[in-house]
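The block underneath contains the structure these notes are about, expressed in structure tokens.
Convention: sequence-line order gives letters A, B, ...; per-chain numbering from 1.
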Amino acid sequence: MSAAEHRDLIPWYHPKKLLISFRRSPPLVAFALSALLFLITILINPKGLNNRFIGSLILLTTLLAISSAGQTIVLIGGGMDFSVGAVMSAAAIIATYTMDKQDSVLIYVQVLALSLLMGAVVGLLNGFFVVKIGLPAMIVTMAVSNIITRLQYVFTSGSPAGWAGQKFVDSIIYRFFDLIPSIVIYALLFVPVVFWILNRSRFGKQVYMVGNNRQAAYLTGVRVNWVIIMTYVISGMMSAFAGILGAGYKATARVDIFGEYAFTSLVAVIVGGTTFSGGVGTYTGTIAGALLMTVLSNLLTTLGLPQTMRDILNGVIIILLLMLYNRSKAVRQ
Amino acid sequence: MIEMRDITKHYGAVQALKGASITIPAGKITALLGSNGSGKSTLVKVLAGLVSPNSGSILINGQPVVIRSGNDAQARGISTAFQDLSLLPMMTVSDNLLLGNEPRTPFGMVDREKSRQIVKDLMDRFKIRCSPQDYVQSLPSSTQSMLEIAKAVHRNPRVLLLDEATAALHMDEITVLFDILRDLRDQGLSIVFVTHRMHEVFELCDEAVILRGGETVKSGPVTEFTLDDLVYYMTGQRMAHHAPGQDVSETSRQGQAVLEVKNLSLPPRVKDVSMTAHAGEIIGIGGLEGQGQSDFMRAILGAKHKTGGSIRFLGEEVAFRQPAQAVKAGMGLISGERNREAMFPDRTIAENIFAGNAAVGPRFRFLPKKFVRKFSEDAVKTYRIKIGSLKDAASTLSGGNQQKLVIARWIAVGPKLLLLDDPTKGVDIHSRLEIHQILRESAQKGMAVIISASDMDELLEIAQRVYVFYEGRVSGVLQGDSMTQENMVSLMMGFTNEKADGLLMKSKEAQA
């Protein structure tokens, strides 16, 4: 075999082939962009490269990846869930209020049960309105999200409600080897569940089918409405779980504390290669997208710009990213 | 005259055209023939400016040109009637016909009076019977096809491309269309006619160009070909002739009654239809397009809800509220509307095959990767589907292979009753024969098969019994010796069995 032939077999010798394999794999692009932005961050502020910085990067990425799991499933099924942030905030409030600085297994179980139930009910409402009334998912979930946020005001009278138990807080932010935050333990339990649901169950296959061609799924014998409602219920429960972890990270919770996650999770999912039109996407992509969003936010902080400037830049970069991902591929018509 | 030389086009790893050439003379009708996936549609789209080729040249009257867009093509006098219509369903007939071509007043506004006249003339010429103010989505598919062609003709092209224009047309409409096309030809137009119906080639066309695997394999005057020749060049194989209503018919009737439908009604589309299907039987449903065949099948499956009559499935009275229940009970439906109702284009071939199983099994049980792969590998092998890799998107497959994929999806699940709604629509003759073979084998293993088709030759060949639909009713049942083209045609036109006999008598008397 000549050197040239040998080179043909290894894609990264060919810039063009490399580009193609990148375009076929959005997660790869997101990981590569994250690495690039991380490098820039370090170049701007070399002192920033320390254990604390990397640890918080991992923590925030993990939290965003868990928050975006439900969104991924809903989007693949052809919907959209704008209530992620509201449910997370509500779950965080339930968690801090119930714990009130105490730690015990009984309280943990209470928090988990109450929050998951709340998430499931919100998801059920979302799914029901989307399917039975036939309203656009974005409008429905936004409206439901508003209701949840207002209810938080009613419940807390607007002031922060209680504190998370210290042991619970430690279980999120403790650093192994002074580097890896302990939230990854939760991720190690959570991520396999997402992969099982999406990739290793018939339900997951059905979600992809419904998202890609609803009529075909219906005639193939999928209970389309049930599947769609279930995606919202699962999303609600996963957001609630993310909210509990978020409560541990922040230690206390005020109204709408995670409101921005509605939008950030959506962008992380899209940047990870899941399409708005449904039927296409992976959770691996979402994890990559979460990393990219976190690194980007860190970079903007490092630049030391005022908050308004940061927000503007953030918006511009997100639009650029979405443009990059929405370029259509050549397919047979 | 237009020449296309050595055109190549690939989509990712799939090579749609590899050096196809075609000469389109003025004043002739050129048939463009080939199996599904031979590249006909791609070639048409290249000329229409919708697909830019990877290499090759296009010459108009000897001058090389580059066609960059649909507008570009139209500016050069190339007009196209597309297979998957370019009409806007939410706009009126009139607006669609004139779209982008509206007559203007001196002030640049649309000239309504003139528009009305143009549309009226056009509709008269094509004998389109509907109001210019009707919305396109409310019209039957045959009328929509006719509008699509009228719209293309209205642009006064020098070259007219018709991509499977007759697929959805009724017989009387085809006659009207052919007269118009002959007129246009005599006025010096170049016409390219893509079709799967071989008899239309001999009836209408002057020249034939045959593609296979993205290459031009043969071209010449139609008079130089026989039907067998055409099929041979298209498929590379000589045609196998099946005797109508094949052998199995004797034994099959002993099978258990799988489906008994009594007086099924679904107004206004289906009225008072009864039908019985036994295990091992292949039942045909014939008729012109849109006579209630689709609605009848969907009512059995529970996708539409009957208002009267009864359905017994495997001896039990059933009334499914949605297809999921019917599928669970052991039914399957294959729709000929692949893109709209059967394919998951962005999902992989493996997932598309597994879809039938995915819809019925336990939802949250762990599903090993190997299990899905093995399932699809077996189906690909058994049903001879031509694929690159199981991981490719299903949209990379040709129409015929897509349909085999959908059929494999169901047969692999092993339903007791398989409903097929015009499954070979737009499928080439070779894939069609393979699909028939798969159905016969499945029937022999005890599956009951109900198949509707707008092509009556297909039904006469495969079915043991044919129920002919006319305006939502069964106008007659053909079986054994009565399964002839003549009987079928008269039933399709709405003559009942007795009337049909009378009609035949008359025509015989007339001949004598």
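- The greatest number of non-hydrogen atom pairs below 4.5 Å with chain B, out of A/Lys205, A/Arg200, A/Gln215, is found for A/Arg200.
- Most heavy-atom pairs under 4.5 Å with chain A, from the set B/Asn352, B/Val406, B/Asn357, B/Leu333: that is B/Asn357.
- Residue A/Arg214 holds its CZ atom at 14.5 Å from CD of B/Glu341, rounded to the nearest 0.5 Å.
- Enclosure of atom OH in A/Tyr108 by more than 12 non-hydrogen atoms of other residues, nucleotides or ligands within 6.0 angstrom is indicated.
- When side chains are defined from C-beta on, A/Tyr218 counts as touching B/Gln322, because their heavy atoms get closer than 4.5 Å.
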### Message
Determine whether B/Arg363 and A/Met230 satisfy the following criterion, side chain to side chain contact (heavy atoms under 4.5 Å, CB included), listing intermediate values before the conclusion.
### Response
CA-CA 12 Å; B/Arg363 285 199 187 91; A/Met230 274 310 284; over 6 Å; no
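- We find the CG-CZ distance between A/Leu219 and B/Arg340 to be 10.0 Å, quoted to the nearest 0.5 Å.
- When every heavy atom of B/Ala342 is checked against every heavy atom of A/Asn213, the shortest pair comes out as N-ND2, 4.3 Å.
- Here the side chains of A/Arg202 and B/Pro362 are in contact, with some heavy-atom distance below 4.5 Å.
- B/Glu351 has its side chain out of reach of A/Met209: every pair of non-hydrogen atoms, C-beta onward, lies at least 4.5 Å apart.
- Contact detail for A/Trp226 and B/Phe364: the closest heavy-atom pair is CH2-CE1, 4.2 Å.
- Using modelled atom types, one side-chain atom of A/Asn212 and one backbone atom of B/Asp346 make a donor-acceptor pair closer than 3.5 Å.
- Between B/Trp410 and A/Thr220, the closest heavy-atom pair is CH2-O, 3.3 Å.
- Rounded to the nearest 0.5 angstrom, B/Arg365 CZ and A/Ser201 OG are separated by 12.0 Å.
- With a 4.5 angstrom heavy-atom cutoff, B/Met331 does not touch chain A via any of its atoms.
- Residue A/Ala216 comes nearest to B/Met343 through the heavy atom pair CB-O, 4.0 Å, listed as atom of the first residue, atom of the second, then distance.
- Options B/Ser335, B/Gly356, B/Pro345, B/Gly302 differ in how many heavy-atom pairs under 4.5 Å they form with chain A, and the most are formed by B/Pro345.
- Taking the centre and axis of the six-membered ring of A/Tyr208, the NZ or CZ atom of B/Arg347 falls inside the cone set by 45° and 6.0 Å.
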